[in-house]
Number of protein chains: 2
Amino acid sequence: MPSEEPKPRRRQARGERRIASLLQAAANVFCTSGYTAASTNAIAREASVSPGTLYQYFPNKEAIAVELSERLLHQMRETHGQAFTPANLALPLDRMLDAVLDPFIAFNVENPAFLALMHGSEPIPGQIAEEHDALHASLLTRVESLLGHYLPDTPAAERHQVAEMTFALFKAGLDLVMTHEGAERDAYVTELKRALFRYLDPLIGDAAHPAESGIHTP
Amino acid sequence: MPSEEPKPRRRQARGERRIASLLQAAANVFCTSGYTAASTNAIAREASVSPGTLYQYFPNKEAIAVELSERLLHQMRETHGQAFTPANLALPLDRMLDAVLDPFIAFNVENPAFLALMHGSEPIPGQIAEEHDALHASLLTRVESLLGHYLPDTPAAERHQVAEMTFALFKAGLDLVMTHEGAERDAYVTELKRALFRYLDPLIGDAAHPAESGIHTP
DNA sequence: GACAAACGCGAGTGGTCGCTCGCATTCTTG
DNA sequence: CAAGAATGCGAGCGACCACTCGCGTTTGTC
């Protein structure tokens, strides 16, 4: 039987440049219109290229989004590894939040297409949704094990719940950060960290000093 | 000049029932597919009606969404008034969160189409977006004045920022609540209230006891 | 320079969607 | 009951979109 790739299509340097240009154009269009509303003709126009040229490099619209997603997910995984460093996890909570959140915030600010493709409520192609779910699960596991480090005696179900809530709160703040610029954006970054700190700190405090628990929680 | 409604179209009881049925069908379809992906033919099919019948009661697809939005917004305003009662605002923070958040959560759980139309990241018709923005601004003002009651000396800009963050955190938790059911849902409701309580309580505590401020905030 | 392969084009094709139109049926009104 | 209005239908129209095809241009190889 033939190899997995029966199309070892020879690409010229020009072609690679076109692909990069098309993906950049697609990122812009997806970002402003969302996946479904983005038309392939609009992507081609954004890249100053004819529709036919676009379809020389991508078999269909979905393949454009998939390729773009894979490149973004790859960068995201690098950010992921760079954020959850053992050194970072040993920091006190406020410093740890700085160290972990800043790379993720920076990534999303520099690649707004990522959220447009992953966080969109519209019907996204199945393959991208799967990859997004895998990333989500991976991040959740990280946060859970991080919580487990502080709270070894908390049942797994509760840890999972706290991790989901933490992640959801982060995404909410991230949206707020990304819809502002300059000084306002910075202010929302610190406000987001403050919110997460206040949410998580009592957990740790309670674990360290169980006698104080239950003051604020009915 | 004629009245604002030059079409005082006489409706029969059957017609009113059809309109209600069509709006219910539209709510279902918008809820599962989003506004843009929802086809008018699908809405008509969901209501067991022909496309022509649908267009006897609505001039176009946008009008369906607008009418549905207006009905939902009306119910939302009732919820709004019922949540921000003077009696509720005088409660201690934890009780106030119960009293204010529960009606909003209940409304969204019972009318998932509301979030589908308002919170969708897809291009929504301008009129709905305007109404949503008005509601958002109205809710924000409420939260700001509520914060102002606790923190009369905080500058307005900072209050605004805290109000935006509070609202964003609530929406994040609400999404989490609505994607779960039964006991899990209840657990996320209390977890959301816990997060908001912990975010807001230190503000009030700091204002009441300024000497304690700065412990957790750099 | 000659040949082939990759590149580039844009009018055209099939399909879907929002919406219309002519006509049949049911209700209200006198 | 008769007339007119409201209701109901579904094939069909125009617009738009994802995608194709035939042909001309550029690039790499010998």
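Naming: A, B, ... by sequence-line order, numbering from 1 per chain.
Applying the side chain to side chain donor-acceptor pair (under 3.5 Å) definition to pairs two or more places apart or across chains, those involving residues 109-135 of chain A are A/Thr36-A/Glu122. Residue pairs meeting the side chain to side chain donor-acceptor pair (under 3.5 Å) criterion with at least one member in residues 56-65 of chain B: none, sequence neighbours excluded. Note on residues 158-167 of chain A: no pairs pass salt bridge (charged side-chain N to carboxylate O under 4.0 Å, His left out), not counting sequence neighbours. Residues in residues 18-27 of chain A take part in these side chain to side chain donor-acceptor pair (under 3.5 Å) pairs, two or more places apart or across chains: A/Gln24-A/Asn28.
Summarising the geometry, atom OG belonging to A/Ser145 is positioned 8.0 Å from atom CZ belonging to A/Phe84; distances are rounded to the nearest 0.5 Å. Taking CZ from B/Phe197 and CG from B/Leu93, the interatomic distance works out to 5.0 Å, rounded to the nearest 0.5 Å. Atom CG of residue A/Leu97 and atom CZ of residue A/Phe170 lie 10.5 Å apart, to the nearest 0.5 angstrom.
Under the ring pair (Phe, Tyr, Trp, His ring centres under 6.0 Å) criterion, B/Phe107 pairs with B/Phe114, not counting sequence neighbours. Remark: B/Glu78 engages no residue in a salt bridge (charged side-chain N to carboxylate O under 4.0 Å, His left out) (not counting sequence neighbours). Residues forming a salt bridge (charged side-chain N to carboxylate O under 4.0 Å, His left out) with A/Asp102 (at least two apart in sequence, or on another chain): A/Lys193. A/Glu67 pairs by the side chain to side chain contact (heavy atoms under 4.5 Å, CB included) definition with A/Leu23, A/Phe58, A/Glu70, A/Arg71, not counting sequence neighbours.
Summary for the helix from C/dG1-D/dC30 to C/dG30-D/dC1: the axes at its two ends, each from 5 pairs, differ by 10° when rounded to the nearest 10 degrees.
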When you check every protein heavy atom under 4.0 Å of nucleotides 23-30 of chain C, what one-letter string (B, S, -) results, 5' to 3'? ----SSS-

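Within residues 54-69 of chain B, the residues having any heavy atom closer than 4.0 Å to DNA chain C are, in order of number, B/Tyr55, B/Asn60, B/Lys61. Near-neighbour residues of DNA chain C inside residues 23-30 of chain B, defined by a heavy atom below 4.0 Å, are absent.
The CD1 atom of B/Ile43 sits 18 Å away from the P atom of C/dT16 (whole-angstrom rounding). Rounded to an integer number of Å, the gap from CD1 of A/Ile19 to P of C/dA6 is 13 Å.
In this structure, B/Arg185 contributes its side chain and B/Val177 its backbone to a donor-acceptor pair below 3.5 Å.
Look at A/Arg18 and you won't find any side-chain N or O under 4.0 angstrom from OP1 or OP2 of C/dA6. For D/dC17, the OP1/OP2 oxygens have no side-chain nitrogen or oxygen of A/Ser39 closer than 4.0 Å. Contact annotation: A/Thr40 side-chain N/O to D/dA18 OP1/OP2 distance is under 4.0 Å.
Heavy atoms of B/Gly52 sit under 4.0 angstrom from at least one base atom.
A perpendicular orientation is assigned to the rings of B/Phe167 and B/His136, their planes being inclined by more than 60° (bins at 30° and 60°).
For A/Ser50 and A/Asn41, each mapped to the nucleotide of DNA chain C holding its nearest heavy atom, the one lying further toward the 5' end belongs to A/Ser50. Of the residues near DNA chain C, B/Ala37 and A/Thr53, the one whose nearest nucleotide (by heavy atom distance) lies more toward the 5' end is A/Thr53.
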